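Working notes, beginning with the structure itself.
In listed order, ligands and their atoms are each counted from 1. Remember, it's a predicted structure, so these values are computed and weren't measured experimentally.
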Amino acid sequence: MYIIKKIKILHQKIILLKKTNKKIGFVPTMGNLHNGHIKLILLSKKYADIIIVSIFINPMQFDNLLDLKNYPQTFKKDCVILQKQNVDIVFFPDINEIYPNGIKNQTFVVVPKLSKILEGRSRPGHFKGVTTIISKLFNFIQPDFAFFGEKDYQQLLIIKTLVKELNYTIKIISLPIIRLKNGLALSSRNNNLNTKEKKIAPYLYKIMKKTCEKIIKEDSDIRKKIIHSSKILLIKKGFSVDIFNIYNAQTLEPPSQKIKEVIFLASAWLGKTRLIDNKKIFLIY
Ligand code: PAF
């Protein structure tokens with residue numbers, strides 16, 4: 001497994017790989033790897049011959065400095081995991097390599113509409129940071145396939161839009177949410193939960209799932225009431241709820257009467273940790 005820190009070296013390696021006609025699969029990460037990342041790597045092997053994983057805690061996508069400071073850095077542990085999975089290349093650049101002129105002066109990439117709503121409204125600048133780093137990584141690595149988890153549903157839609165509208169020839173492959181037995185969606189942020197919060201956290205999924213089951217056959221007024229009661233329940237459990245509702249699964253706008261395929265998005269703070277989750281449902285009218 002090669003660990004590459006410099007764009008120039010990565011570029012030379014990519015040129016050689018492209019000459020062999022081997023398919024390149026790319027898994028972007030911010031490190032602190034968990035089972036969800038391993039599943040992404042396993043999935044990538046079904047599509048590609050060469051697997052490249054990037055580890056870069058991208059400061060441009062953090063709207064909160066404390067959040068960035070607290071983000072776990074576990075490079076050595078991550079490398080053991082990646083080596084075990086027979087990953088070919090780990091790209092682990094320094095911040096100066098990616099943003100040599102600083103973040104403030106960095107040219108950026110934005111997917112305008114989708115980046116402003118929901119998570120984007122709660123975390124201003126977050127998706128601008130994601131789309132800028134992903135564009136850079138796509139340019140360095142030129143993968144045939146790139147792999148993303150469905151837990152970050154809005155991020156996934158934004159990246160698919162970026163690929164389409166900037167005409168990248170990369171295929172985006174997504175992996176369904178990986179959960180613990182208690183239902184909690186796997187996330188690097190779960191490590192920030194204390195013992196008490198770890199017991200409460202699974203309720204985000206449990207309550208969302210129950211809510212989905214209850215609203216499927218109801219009209220919009222009853223739906224609103226059910227969702228409202230579920231929010232109160234989450235607050236009683238200790239969550240500070242930010243997003244908890246259904247949206248058009250493609251546009252993330254409030255669903256119109258005709259739309260049947262919707263996504264339930266949940267986003268809530270538990271202490272200092274922001275947890276997100278989602279579930280696709282088909283409404284029956
Ligand atoms: O989902 C993440 O871990 C990050 O947003 C990503 C896609 C690696 C970009 O920094």
Polar pairs, ligand 1 vs protein, N/O only, below 3.5 Å.
residue: ligand 1; atom: 1 (O); partner: Gln155; partner atom: NE2; Å: 2.9
residue: ligand 1; atom: 5 (O); partner: Gln61; partner atom: NE2; Å: 2.9
residue: ligand 1; atom: 5 (O); partner: Gln155; partner atom: OE1; Å: 2.8
residue: ligand 1; atom: 10 (O); partner: Gln61; partner atom: OE1; Å: 2.6

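- The side-chain contact (heavy atoms from CB on, under 4.5 Å) search around Ser187 returns Lys151, Arg189, Asn190, not counting sequence neighbours.
- In summary, Asp144 and Lys171 do not engage in a salt bridge, as defined by a charged side-chain N under 4.0 Å from a carboxylate O.
- The salt bridge (charged side-chain N to carboxylate O under 4.0 Å, His left out) contacts involving residues 47-64 comprise Asp63-Arg123, where partners must be two or more places apart or lie in separate chains.
- The ring-ring contact (aromatic ring centres under 6.0 Å, His included) check on Phe264 picks up Phe244, with sequence neighbours excluded.
- Checked by atom type and distance alone, the side chain of Asn248 never pairs as donor or acceptor with a backbone atom of Pro255 at under 3.5 Å.
- Tyr99 and Phe56 have tilted rings, their planes meeting at an angle from 30° to 60° on a 0 to 90° scale.
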